[in-house]
Amino acid sequence: MIDIVIPGAAGKIRAVYHKAEDENAPMAVVLSGSPHHKCHMNDRVSYAMFRAFMDAGFSVVRFNYRGVGDSDGNIGTIEENRLDIATVVDWIQNDNENGGKLWMAGHQLGAWYVLQMLMRRPEIAGFALVSPDNTVSNFDFLSPNPNKGVLLQGEQEGEDAHNFGVYLTQLLKKQALISLETIKIKKADANYSQANDLRQMYNDLKAYIGREKEDMKLL
């Protein structure tokens with residue numbers, strides 16, 4: 001993996017990139033949570049998501065939104081962050097002209113951004129939502145867009161978080177025709193604070209995307 005700079009609307013977007021040896025490998029973009037919650041591309045959860053895709057054979061990039069870490073600008077609005085995400089998606093696609101399917105994964109607020117991008121980028125073939133922010137209530141952007149993905153949550157996240165996961169699963173199926181598989185990580189909290197919990201999240205995510213990657217080859 002290497003450190004890179006991607007030109008963005010607010011200046012330089014700092015990112016970390018791994019390019020698979022196979023030029024036809026699928027691609028993935030990893031989104032961290034809210035910087036207001038001290039999330040960034042090098043936090044433990046973002047790194048674990050990145051490694052899951054990397055070790056499953058993907059070309060994958062993670063990055064800091066504007067105003068976070070060494071990325072230029074001030075901390076962005078929802079629209080500004082979404083613009084940065086689109087810029088990074090375009091970048092990895094341009095760098096992998098013969099690349100395979102595109103995936104996205106996000107933690108906390110990043111999971112909500114994943115769903116936003118899913119509605120805007122028909123080329124997204126799969127996705128992962130890791131402990132999504134259960135305070136987000138705006139899903140008016142959802143429209144029919146058959147797809148499938150995985151929701152990973154820690155068992156210790158609390159009743160509100162688990163109720164939100166059930167609600168989100170039902171909402172995606174009803175409004176967007178999206179199938180969402182749920183995986184619960186025993187004893188884990190929303191930040192996978194213990195090393196064993198983080199390792200299990202990595203293993204479960206890698207197993208899911210690896211299985212789906214192989215299924216796609218059969219189609």
Side-chain angles (χ1 to χ4, degrees), residues 1-6 13-35 37-65 68-71 84-85 88-89 91-93 95-96 99-111 113-114 117 124-132 149-154 157 181-217:
M1 66 184 77
I2 58 172
D3 294 322
I4 61 170
V5 173
I6 299 172
I13 298 174
R14 294 287 180 171
V16 174
Y17 179 48
H18 166 76
K19 188 176 180 68
E21 292 183 6
D22 180 1
E23 66 175 13
N24 302 124
M27 301 163 284
V29 177
V30 169
L31 307 180
S32 59
S34 171
H37 293 164
K38 300 182 179 180
C39 296
H40 51 81
M41 70 172 176
N42 291 321
D43 66 44
R44 299 167 70 257
V45 177
S46 296
Y47 179 75
M49 292 189 295
F50 178 93
R51 281 304 302 254
F53 282 99
M54 174 179 167
D55 295 344
F58 283 61
S59 291
V60 56
V61 62
R62 67 184 195 268
F63 68 97
N64 278 332
Y65 305 115
V68 179
D70 292 332
S71 287
D84 289 346
I85 295 166
V88 175
V89 169
W91 182 89
I92 196 172
Q93 289 181 309
D95 196 63
N96 294 270
K101 301 290 187 178
L102 173 66
W103 284 58
M104 296 195 73
H107 175 227
Q108 198 208 58
L109 186 62
Y113 283 131
V114 166
M117 296 306 296
I124 296 174
F127 65 94
L129 312 177
V130 178
S131 297
V150 62
L151 167 67
L152 295 105
Q153 288 184 303
E157 288 189 37
E181 180 175 324
T182 300
I183 298 175
K184 297 291 178 65
I185 311 300
K186 291 183 178 180
K187 301 180 181 180
D189 59 25
N191 293 311
Y192 304 88
S193 302
Q194 301 302 312
N196 286 341
D197 301 336
L198 188 70
R199 188 176 302 111
Q200 189 60 52
M201 187 272 283
Y202 157 85
N203 286 334
D204 287 343
L205 177 56
K206 180 185 173 186
Y208 176 85
I209 59 181
R211 184 186 76 218
E212 293 301 315
K213 177 187 170 189
E214 292 305 311
D215 285 348
M216 287 176 185
K217 288 182 178 180

Task: Sub-4.5 Å side-chain heavy-atom contact between Ile4 and Trp91 - done: yes

Open item on the list: Quick one, Arg44 and Asn191 - any side-chain contact, counting heavy atoms below 4.5 Å?
Closed with: no

Please report the closest heavy-atom contact between [X] and [Y], naming both atoms and the distance.
X	Y	answer
Val60	Phe50	O-CE1, 3.4 Å
Asp43	Ser32	OD2-CB, 4.2 Å
Val68	Pro35	CG2-CB, 3.5 Å
Ser46	Val30	O-CG1, 3.8 Å
Ser131	Tyr192	OG-OH, 2.8 Å
Leu31	Tyr65	CB-OH, 3.6 Å

With rounding to the nearest 0.5 angstrom, report the [atom1] to [atom2] distance, [X] to [Y].
X	Y	atom1	atom2	answer
Phe63	Ile85	CZ	CD1	5.0 Å
Ile124	Met117	CD1	CE	5.5 Å
Leu152	Met49	CG	CE	10.0 Å
Tyr208	Leu151	OH	CG	10.5 Å
Arg199	Arg51	CZ	CZ	12.5 Å
Leu129	Gln108	CG	CD	13.0 Å

Does any N or O in the side chain of [X] come within less than 3.5 Å of the main-chain N or O of [Y], such that one atom is a donor and the other an acceptor?
X	Y	result
His107	Ala190	yes
Lys187	Gln194	no
Arg14	Asn64	no
Asp197	Ser193	no
Ser59	Met27	no

Open item on the list: Would you say Asn196 and Gln200 are linked by a side-chain donor-acceptor pair, where the criterion is simply a distance under 3.5 Å?
Closed with: no

Open item on the list: Could you go through Val45 and Met201, starting from their C-alpha distance and side-chain angles, then the distance that decides it, and tell me whether this counts as side chain to side chain contact (heavy atoms under 4.5 Å, CB included)?
Closed with: CA-CA 9 Å; Val45 177; Met201 187 272 283; 3.9 Å; yes

Task: Trace of the side chain to side chain contact (heavy atoms under 4.5 Å, CB included) decision for Val16 with Tyr47 - done: CA-CA 10 Å; Val16 174; Tyr47 179 75; over 6 Å; no

Open item on the list: If you apply the rule side chain to side chain contact (heavy atoms under 4.5 Å, CB included), what do you find for His18 with Phe58, and how did you get there?
Closed with: CA-CA 8 Å; His18 166 76; Phe58 283 61; over 6 Å; no

Open item on the list: Assess the residue pair Val89 and Met104 against the criterion (side chain to side chain contact (heavy atoms under 4.5 Å, CB included)); give the C-alpha distance rounded to whole Å, side-chain angles, the decisive distance to 0.1 Å, and a yes or no.
Closed with: CA-CA 9 Å; Val89 169; Met104 296 195 73; 4.2 Å; yes

